[in-house]
Amino acid sequence: MTHLRIAERLGQDTFLAQTLHRDYLHVPGALSREERAALVDFDTLNNLIARHRLEPPRLRLSADGEALPTHRYAVPVTTRRSTVWQRVYPAELHQRLADGASLVVDQIDHLHEPIGDLADELARWLRHPIQINAYASWTSREGFGTHWDDHDVVVLQIEGSKRWRLFGPTRQMPMYRDVTTPEEPPAEPVAELILKAGDILYLPRGWWHAVTADQGTHSLHLTCGISPPHTANLLLAWLADELLTSNLFRADVPLHAAEQDQAAFVAALTKEMVAALERPGLLQRYADAQDAQDLGRLRPSLPHTGSVPADPGLQVRLTTARARLTEVQVDGEDLVRLRGAGQEIDAAAAAAPLLHRLLEPGWHRLADLAAVAAVPIEDAAALVTELVAAQVATVRGAGR
């Protein structure tokens with residue numbers, strides 16, 4: 001699955017122009033059985049719970065809008081080094097779920113690579129940070145009650161079905177830290193949907209909703225949370241940092257000056273701020289800066305703690321899906337600049353094909369990277385070494 005296929009399911013440019021942040025969208029039968037199985041299934045969920053120390057709130061149970069106490073489904077275990085962790089007991093877990101609790105695994109995209117790839121696909125397309133949680137339910141009892149989220153979501157129904165009642169927003173674009181709370185939702189929903197396996201649902205932030213697995217079958221779905229880093233207040237905060245190059249924006253506020261001097265100071269600030277807001281390409285520069293700072297999924301490249309060997313089968317990928325590649329000129333020399341994970345790496349223009357290939361999703365063989373750039377594999381390995389040292393790329397062994 002690629003980000004283009006996910007975008008196609010949601011409507012690509014039409015979705016961005018007409019639906020994103022505006023209205024809900026239900027896409028029935030968007031994902032095939034094979035695509036869903038490649039993402040996650042209950043066997044995957046069982047293995048993650050068994051093999052990882054998923055303590056609350058990473059793994060939690062919820063019923064009627066309240067988190068269940070951990071002792072209802074796990075017991076504390078003290079290691080020989082006197083650390084304590086919560087071990088899930090399957091029999092207790094089964095009983096709580098049968099009684100109507102819902103199971104949540106937070107940030108499953110950091111535990112299971114196919115779901116991490118899905119998060120990267122959405123991040124690359126939408127230019128937002130993405131966090132994916134897994135939810136499993138067995139009864140008509142609501143796990144979270146009627147509620148709203150402070151971020152947009154894309155829901156992928158993996159197995160079974162679930163009823164979604166959508167009530168719409170009672171405050172436009174509410175935030176986690178806000179000056180007021182939304183009013184209660186109306187009694188009747190504006191839409192009532194049954195999500196079946198393969199369906200996709202998009203829901204903007206602030207939309208009240210209630211969800212139940214009342215269709216007589218278990219339900220497993222993924223919720224892709226789209227964090228809202230591009231609110232206007234964050235844009236202004238970024239711009240304020242950009243304006244620190246100006247002496248005026250580093251100056252002390254003249255609290256004790258005469259009234260006319262204070263007015264002159266405010267007028268000067270206003271003039272420079274308005275000029276900065278009116279410069280062409282402001283929003284694009286802001287988006288590029290946010291993309292460049294996104295850390296993605298930092299991953300070590302062991303055993304290669306120094307240089308990356310010129311092994312043709314070695315596999316390489318970027319750690320961030322939001323990296324950007326641009327052409328620049330430095331001291332009269334044409335270069336390409338890769339910006340990502342908070343770093344900037346300049347390379348010779350001849351390296352552009354290799355870097356463009358790395359911008360594509362997934363793992364890439366070092367031999368293929370060298371071939372696409374028509375450079376010796378040793379040169380490709382040297383550039384990858386630089387990228388790994390900057391945490392912009394990661395490598396893994398051949399034959400994976």
Side-chain angles (χ1 to χ4, degrees), residues 1-42 44-45 102 104-105 107-109 112 114-137 143-144 147-149 151-169 189-215 217-228 321 361:
M1 186 188 303
T2 69
H3 73 290
L4 291 177
R5 296 186 67 182
I6 288 294
E8 286 173 0
R9 303 311 202 279
L10 290 172
Q12 292 187 315
D13 291 344
T14 300
F15 173 83
L16 298 179
Q18 300 180 7
T19 306
L20 184 66
H21 309 317
R22 297 174 178 87
D23 202 357
Y24 81 92
L25 176 68
H26 178 210
V27 187
L31 301 173
S32 69
R33 180 187 299 273
E34 292 74 18
E35 288 172 324
R36 302 195 309 272
L39 279 173
V40 66
D41 56 20
F42 277 105
T44 303
L45 201 58
S102 291
V104 186
V105 178
Q107 292 186 303
I108 194 172
D109 50 301
H112 189 52
I115 300 179
D117 290 342
L118 170 64
D120 287 347
E121 291 163 7
L122 285 168
R124 186 179 294 107
W125 178 43
L126 298 176
R127 303 181 76 172
H128 286 265
I130 304 294
Q131 174 182 319
I132 301 182
N133 297 346
Y135 295 83
S137 304
F144 304 94
H147 67 285
W148 59 273
D149 297 314
H151 52 271
D152 297 17
V153 297
V154 174
V155 177
L156 282 64
Q157 187 69 33
I158 301 299
E159 291 195 27
S161 57
K162 212 160 192 181
R163 182 187 304 273
W164 286 69
R165 292 184 297 149
L166 312 180
F167 297 89
V190 298
E192 190 163 342
L193 311 170
I194 303 297
L195 260 63
K196 299 179 180 179
D199 287 6
I200 294 179
L201 172 67
Y202 165 75
L203 200 63
R205 65 180 160 121
W207 275 60
W208 290 90
H209 56 280
V211 187
T212 56
D214 62 357
Q215 300 301 295
T217 181
H218 56 253
S219 169
L220 174 63
H221 77 260
L222 300 175
T223 292
C224 310
I226 306 170
S227 299

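Each residue takes its place number in the sequence, starting with 1.
Under the 4.5 Å side-chain criterion, counting only non-hydrogen atoms from C-beta, Glu35 is in contact with Arg5.
Checked against Leu201 for a side chain to side chain contact (heavy atoms under 4.5 Å, CB included), the options Leu195, Val154, Thr223, Leu156 give a single hit: Leu195. Just one of Trp208, Trp207, Phe167 meets the ring-ring contact (aromatic ring centres under 6.0 Å, His included) condition when paired with Tyr24; it is Trp207. For the side chain to side chain contact (heavy atoms under 4.5 Å, CB included) test with Ile226, the passing option among Leu126, Val153, Leu122 is Leu126; the others fail.
Taken to the nearest 0.5 Å, the CD1 atom of Ile115 stands 14.0 Å off from the CD1 atom of Ile130. One finds the CD1 atom of Ile158 at 5.0 Å from the CG atom of Leu39 (value rounded to the nearest 0.5 Å). Taking CG of Asp23 as the reference point, atom CG of Leu166 lies at 9.5 Å (rounded to 0.5 Å). Atom CG of Leu25 is separated from atom OG1 of Thr14 by 10.5 Å, given to the nearest 0.5 angstrom. Thr212 contributes atom OG1, which lies 6.0 Å from atom CZ of Arg163 (distance to the nearest 0.5 angstrom). Here CZ of Arg205 is found 12.5 Å from CG of Leu203. Values are rounded to the nearest 0.5 Å.
Judged by distance alone, the side chain of His21 and the main-chain N or O of Asp152 form no donor-acceptor pair under 3.5 Å. Judged by distance alone, the side chain of Arg165 and the main-chain N or O of Ala210 form no donor-acceptor pair under 3.5 Å. Although no hydrogens or angles enter the test, the distance criterion places no donor-acceptor pair under 3.5 Å between the side chain of Asp120 and the main chain of Ala321. A distance-only check finds a donor-acceptor pair linking the side chain of His128 to the backbone of Ser227 [under 3.5 Å]. Judged purely by atom type and a 3.5 angstrom limit, Arg22 uses its side chain to pair as donor or acceptor with the backbone of Leu20.
Using bins of under 30°, 30° to 60° and over 60° for the plane-to-plane angle, the ring pair Tyr202/Phe15 lands in the perpendicular bin. Ring planes of Tyr135 and His221: parallel class, angle under 30° (limits at 30 and 60°).
What you find for Ser219 and Ala213 is that their closest heavy atoms are CB-CB, 4.1 Å. Of all the heavy atoms in Asp199 and His26, the pair that sits closest is OD2-NE2, 3.0 Å. The two atoms that bring Ile194 and Ser161 nearest to each other are CG2-CB, 4.3 Å, heavy atoms only.
The pair Arg36-Glu159 does not count as a salt bridge, with every side-chain nitrogen at least 4.0 angstrom from each carboxylate oxygen.
For Phe42 and His218, the gap between ring centers is short of 6.0 Å.
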